[in-house]
Amino acid sequence: MPRPFILICLSILPTLSPAFDFENGEEINEVCAGCHGEYGQGGKEGEYPRLAGMPSAFLAKQLHLFRDRIRPNLAMVEYVDDRQMPDQDIEDISKFLEQIKLKTKLPPVDETAPGFNAYQRLLESKRLMQIPRAPGDLEKGQKIYRKECASCHGRDGMGDKEKAVPMLAGQYTNYLWRQVKKYREKIRIHDEDAPEEELLSDFSDDELTDIFAYLSILDD
Ligand code: HEC
Ligand code: HEC
């Protein structure tokens with residue numbers, strides 16, 4: 001067999017056989033679901049953030065920060081000590097959550113059609129999540145977002161898997177605001193390459209309001 005062919009086979013191998021235990025991830029998620037929802041959709045208008053579809057490297061990093069008591073999280077403290085959350089579990093739950101896809105709307109159906117399955121429809125509706133339109137100037141928000149945030153969080157707000165950057169589109173606006181405060185107070189570190197300069201302190205609340213308004217419509 002010619003060598004390039006073997007090399008190609010080797011390079012696609014990791015994507016074909018993910019090094020994570022799906023069932024273990026699913027089992028751990030039963031604990032998380034109590035707060036973050038069965039499908040990682042979060043709840044209570046952002047008291048519990050959405051986790052579904054987030055880059056797994058970002059989720060894993062946050063779980064390590066919680067476990068090492070670097071990022072405070074009273075609600076989660078008992079679920080993430082060393083005994084409860086060995087590294088492999090962090091890997092498995094993060095990969096499990098990353099692959100959950102939430103829909104923003106249900107396709108229209110004819111409920112009177114003979115094949116209509118009400119139970120199936122109910123199950124599908126549980127995987128729905130759409131961020132309500134937040135107040136603010138969409139045009140200004142789009143401009144600032146594209147100039148100042150998109151290079152890391154992605155043009156469509158979906159984050160960056162390689163660089164462990166979270167998605168901001170599809171996340172509760174309340175939750176984003178709470179994190180802005182944490183970054184400004186240096187309770188969380190936004191950019192590890194520049195821990196002293198908090199980027200979000202350079203923006204006024206009005207500017208962030210506009211950015212979050214723009215983000216809130218990206219999942220429409
Ligand atoms: C008792 C409720 C509770 C349970 C159970 C719980 N969490 Fe959380 N989690 C929270 C709260 C509250 C926050 C938000 C903390 C904050 O505002 O900084 C959070 C935040 C997070 C974040 C940060 C997300 C982000 O975008 O910044 C991750 C990741 C996370 N949880 C993962 C998990 C996983 C995985 C489990 C299951 C092992 C779990 N949580 C179980 C309450 C809970
Ligand atoms: C240099 C890259 C970079 C830029 C530019 C950037 N971010 Fe981030 N952002 C990150 C990273 C990395 C994280 C995760 C950091 C951590 O571990 O807490 C993050 C996290 C966040 C979070 C927390 C989300 C969550 O789920 O916990 C918010 C909110 C946020 N960024 C808003 C913004 C906004 C608004 C802008 C533009 C004004 C912006 N960021 C620009 C890299 C960046």
Side-chain angles (χ1 to χ4, degrees), residues 24-38 40 42-67 70-81 84-86 89-98 100 136 141-154 157-195 197-205 207-215:
N24 188 38
E26 195 172 30
E27 207 170 292
I28 298 167
N29 191 49
E30 286 171 19
V31 176
C32 319
C35 294
H36 293 282
E38 192 179 348
K44 292 203 179 162
E45 290 176 11
E47 182 176 334
Y48 305 120
R50 174 220 189 111
L51 304 175
M54 282 275 184
S56 58
F58 166 75
L59 295 171
K61 183 181 155 204
Q62 300 311 307
L63 289 168
H64 280 280
L65 292 173
F66 292 145
R67 197 182 69 181
I70 295 170
R71 176 175 170 189
N73 187 335
L74 273 180
M76 277 179 56
V77 91
E78 62 179 295
Y79 303 98
V80 289
D81 63 29
Q84 309 249 25
M85 268 280 168
D89 280 3
I90 289 187
E91 199 57 27
D92 292 343
I93 183 64
S94 301
K95 290 269 169 58
F96 177 78
L97 291 163
E98 180 184 57
I100 300 179
Q142 180 186 53
K143 219 164 144 199
I144 313 172
Y145 178 81
R146 292 216 171 138
K147 183 157 175 271
E148 307 285 353
C149 321
S151 61
C152 294
H153 289 280
M158 294 307 283
D160 185 323
K161 286 193 179 176
E162 311 268 296
K163 297 193 198 129
V165 184
M167 57 198 267
L168 301 178
Q171 185 57 278
Y172 298 91
T173 307
N174 283 344
Y175 184 71
L176 297 175
W177 271 116
R178 231 168 51 234
Q179 304 315 308
V180 168
K181 295 196 184 81
K182 290 185 189 189
Y183 286 126
R184 283 175 172 169
E185 289 166 15
K186 308 248 164 77
I187 294 169
R188 286 183 74 181
I189 302 297
H190 200 162
D191 181 359
E192 271 163 10
D193 293 334
E197 298 153 36
E198 179 39 58
L199 176 87
L200 297 177
S201 301
D202 295 342
F203 295 90
S204 67
D205 282 3
E207 288 171 311
L208 285 167
T209 299
D210 294 342
I211 294 175
F212 292 157
Y214 174 63
L215 288 167

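First listed ligand is number 1; within each ligand, the first listed atom is number 1. Remember, it's a predicted structure, so these values are computed and weren't measured experimentally.
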Compute the shortest N/O to N/O distance between S151 and ligand 2 and return yes if it is under 3.5 Å, no if not.
no
Judged by non-hydrogen atoms, does W177 sit under 4.0 Å from ligand 2?
no
Parallel, tilted or perpendicular, as decided by the 30° and 60° cut-offs, for the rings of H190 and Y183:
parallel
Relative to the heavy atoms of L59, which atoms of ligand 1 are at a distance of less than 4.0 Å?
29 (C)
For ligand 1, which atoms have a heavy atom of I93 less than 4.0 angstrom away?
35 (C)
Does an N or O from R50, backbone or side chain, lie closer than 3.5 Å to an N or O of ligand 1?
no
I'd like to check L176 versus Q179 (side-chain heavy atoms, cut-off strictly below 4.5 Å). Are they in contact?
no
Around atom 8 (Fe) of ligand 2, how many protein N, O or S atoms are found at less than 2.8 Å?
2
Short side-chain to backbone donor-acceptor contact, D210 and Q142, under 3.5 Å:
no
Within a radius of less than 6.0 Å around NZ of K143, do more than 12 heavy atoms belonging to other residues, nucleotides or ligands occur?
no
Hey, which atoms in ligand 1 end up nearer than 4.0 Å to a heavy atom of V31?
5 (C)
For atom 22 (C) of ligand 2, find the nearest protein heavy atom and state the residue, atom name and distance (0.1 Å precision).
Y183 CE1, 3.5 Å
Considering only heavy atoms from C-beta outward, does the side chain of M54 approach that of L97 to under 4.5 Å?
no
Per-atom filter on ligand 2: closer than 4.0 angstrom to a heavy atom of F203 are 38 (C)
Polar proximity ligand 1 side, Q179 side, N/O cut 3.5 Å exclusive
yes
Would you check if L63 and M76 make a side-chain contact, meaning some heavy-atom pair closer than 4.5 Å?
yes
Under 4.0 Å, counting heavy atoms only: does R188 come that close to any atom of ligand 1?
yes
Distance under 4.0 Å to a non-hydrogen atom of R178: what atoms of ligand 1 satisfy this?
14 (C), 16 (C), 17 (O)
Atom indices of ligand 1, in the order listed, that fall short of 4.0 Å to a heavy atom of F58:
25 (C), 26 (O), 27 (O)
Check atom 8 (Fe) of ligand 1 and write out every protein N, O or S atom at under 2.8 Å, as residue and atom.
H36 NE2, M76 SD
Ignoring hydrogens and geometry, is there a side-chain-to-backbone donor-acceptor pair from R184 to L200 under 3.5 Å?
yes
Contact atoms of ligand 1, heavy-atom distance to E47 under 4.0 Å:
12 (C)
Please state whether the rings of Y145 and Y214 are parallel, tilted or perpendicular, taking 30° and 60° as the class boundaries.
tilted
Find all atoms of ligand 2 within a distance of less than 4.0 Å from any non-hydrogen atom belonging to I189, and give their numbers and elements.
15 (C), 16 (C), 18 (O)
Does a side-chain heavy-atom distance below 4.5 Å link E148 with D202?
no
Check each atom of ligand 1 against the heavy atoms of M85 and keep those under 4.0 Å away; list them by number with element.
38 (C)
So OH of Y175 and NZ of K44: to nearest 0.5 Å the spacing works out to 15.5 Å
Of all the non-hydrogen atoms in the protein, which one sits nearest to atom 25 (C) of ligand 1, and at what distance?
Y175 OH, 3.1 Å
Distance from L51 atom CG to F58 atom CZ, nearest 0.5 Å?
9.0 Å
Check whether any side-chain heavy atom of I28 sits under 4.5 Å from a side-chain heavy atom of Y79, and report yes or no.
no
Would you check whether R71 reaches within less than 4.0 Å of ligand 1, judged by its heavy atoms?
yes
Is there a side-chain contact between V180 and F203 in this structure, where contact means two heavy atoms from C-beta onward sitting under 4.5 Å apart?
no
Flag side-chain contact, heavy atom, 4.5 Å: Q62 against R188
yes
Of all the atoms in ligand 2, which lie at a distance below 4.0 Å from a heavy atom belonging to E148?
5 (C), 37 (C), 41 (C)
Give me the nearest non-hydrogen protein atom to atom 16 (C) of ligand 1 as residue plus atom name, then the distance to 0.1 Å.
K182 NZ, 3.2 Å
Taking heavy atoms and a distance under 4.0 Å, where does N29 meet ligand 1: side chain, backbone, both or neither?
neither
Side-chain donor/acceptor of R178 to backbone N/O of E47, under 3.5 Å
yes
Under 3.5 Å, which donor-acceptor pairs link side chains of residues 165-174 to any protein atom two or more places apart or in another chain?
{"residue": "Q171", "atom": "OE1", "partner": "R50", "partner atom": "N", "Å": "3.0"}
{"residue": "Q171", "atom": "NE2", "partner": "R50", "partner atom": "O", "Å": "3.1"}
{"residue": "Y172", "atom": "OH", "partner": "Q41", "partner atom": "O", "Å": "2.6"}
{"residue": "N174", "atom": "ND2", "partner": "E45", "partner atom": "O", "Å": "2.9"}

Dump the intermediate steps for side-chain contact (heavy atoms from CB on, under 4.5 Å) on W177 and L208, then the final yes or no.
CA-CA 9 Å; W177 271 116; L208 285 167; 3.6 Å; yes
N29 side chain to C32 main-chain N or O, any donor-acceptor pair under 3.5 Å?
no
Can you tell me if Q62 has a non-hydrogen atom under 4.0 Å from ligand 2?
yes
Who are the side-chain hydrogen bond (donor to acceptor under 3.5 Å, both in side chains) partners of E207, not counting sequence neighbours?
S204
Atom indices of ligand 2, in the order listed, that fall short of 4.0 Å to a heavy atom of K61
15 (C), 16 (C), 17 (O)
So between I187, L176, I211, L215, whose heavy atom ends up nearest atom 29 (C) of ligand 2?
L176
